[in-house]
2 protein chains.
Amino acid sequence: MSASAETAAPASAKARAILEAAAELFITQGYGAVSMDAVAKRAGVSKATLYAHFGAKDRLFAAIIQGACLEMRGETPEMGPAGASLYDAMLPMAIRWLGFLLRERSLGMFRVVVAEGSRFPELARAFHENGPRATRQWLTGWLAAQAARGLLQAPDPALAADQCLALLRSEMFLQATLGIGPMPDEAAIAASAAAAVRTFCRAYGAVG
Amino acid sequence: MSASAETAAPASAKARAILEAAAELFITQGYGAVSMDAVAKRAGVSKATLYAHFGAKDRLFAAIIQGACLEMRGETPEMGPAGASLYDAMLPMAIRWLGFLLRERSLGMFRVVVAEGSRFPELARAFHENGPRATRQWLTGWLAAQAARGLLQAPDPALAADQCLALLRSEMFLQATLGIGPMPDEAAIAASAAAAVRTFCRAYGAVG
DNA sequence: GTCTATAGAAGGATAGAC
DNA sequence: GTCTATCCTTCTATAGAC
């Protein structure tokens, strides 16, 4: 691991093809199970070209994870309508966020970062910063604003945000992470998100 | 993967040494990063002996995960004192369970099963059955009993159990899973568990 | 920059002696 | 059952031509 910045955008078309192919393979099969031959073959380039662009397997892997982290930053959730109740405001956001977590790409990303976190600690940190931590910070601010409006009682908005997100990452997410059972459809996702928001509001909602 | 039963107890001393060494290596480094040479060396046996006991790397891995699942079955939580309040009854259980999740061995087990779940689906299922699912079932029954005693309002005890466990698997568990930051000490674990139980009781506690 | 071809190392699995 | 020594495949990485 050479740990360079590597934040530059993919220059040539071949480089983009390599990044796309490698992302697909690493995220679906994990770091160890993917060979550089497989990446080159899928990208339609030779191995030498691959090594010309990215010096080694671990640097290619780092570039993939960094790129996926940048994508995650773009996925900022939307807040609900201003005048609604706490439940009505949170539910669309919750559905959207749980749906994002349960995408194959998000699950694969989470799996590979969990698996290789000990060998690539800086990548695990980058993932956390751009994914869970960014979401947590955004939600903390939003909850604090709602608390100021009197819609909920949250003396510690960061803790409330943690617990809200934890409620969303419940059994359904655990099973999906383990790859057990069928992938939940939209209705199941909405139902699970609604259950989480309902419980959150019962715990934190301002008593009317 | 030959998918045999392999539930038998480790017979000889060498077999036990192999299992112990392999468990340590697989759980700390992951499946792909561990070579059979490394296992043999750590166990103090030759590779041929290793292959004589377990026919292949994937079968050795399966035996390790199965064994760890059996261990997990032994870790049944204890319920709190009968006459106490809901919070007082749940808190010791919550601390104990979160402490178990945050052990290096539990975290490593979770990481490797998440990482290899797609290649060893039956192992992911066994892990889930003996770990999360067993805990969930136990807690569901306990919560139903408390609901019958009027200590909480839970029309769907299984959902309540899910959410209780999800609240415990919050930011602290996520960070530990990713290997980020220092390992939480006992006080931090107790505080996180207390926050989870407090929120759970606010959402589900019988209004007195 | 890109290719073909290959070096060099590591890993999974086995043969054969004891 | 256990060991030593080895086979064969696969993998990362590079050399050299264009």
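Order of the sequence lines fixes the chain letters, A, B, ..., with proteins taken first and strands second; residue numbering starts at 1 for each chain. Both backbone and side-chain heavy atoms feed into the values below; hydrogens, waters and symmetry mates do not.
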Partners meeting side chain to side chain donor-acceptor pair (under 3.5 Å) with B:R136 (sequence neighbours left out): B:D162
Round to the nearest Å and state the distance from B:R16 atom CZ to D:dG1 atom P. 13 Å
Row check, B:Y204 ring normal vs A:R202 NZ/CZ: under 6.0 Å, within 45°: yes
How would you list, by chain and number, every residue that makes a salt bridge (Lys or Arg N to Asp or Glu O under 4.0 Å) with A:K47, sequence neighbours excluded? A:D37
When you measure from the side chain of A:H53, which nucleotide among C:dT2, D:dT2, C:dC3 comes out closest? C:dT2
Calculate the interatomic distance between A:F61 atom CZ and D:dT12 atom C1'; express it in whole Å. 17 Å
Give a yes or no answer on whether the side chain of B:Q175 reaches the backbone of A:H128 with a donor-acceptor pair at less than 3.5 Å. no
In whole angstrom, give the distance that lies between atom NZ of A:K41 and atom C1' of C:dT4. 16 Å
Among C:dT2, C:dG12, D:dT2, the one nearest any side-chain atom of A:A52 is C:dT2
Pick base, sugar-phosphate or nothing for A:V39, based on heavy-atom distances below 4.0 Å to the nucleic acid. nothing
B/S/- contact track for nucleotides 13-18 of chain C, protein heavy atom under 4.0 Å: BBB---
Can you check the A:K14 NZ to C:dT2 P distance for me, whole Å? 6 Å
Would you indicate what A:S46 reaches in the nucleic acid, counting non-hydrogen atoms under 4.0 angstrom: base, sugar-phosphate, or nothing? base
Around atom CD of B:E20, are there more than 12 heavy atoms from other residues, nucleotides or ligands closer than 6.0 Å? no
Counting just side-chain N and O atoms, does B:T49 come under 4.0 Å of either OP1 or OP2 of D:dC3? yes
Ring-face cation contact, B:F26 with B:K57, 6.0 Å cut, 45° max: no
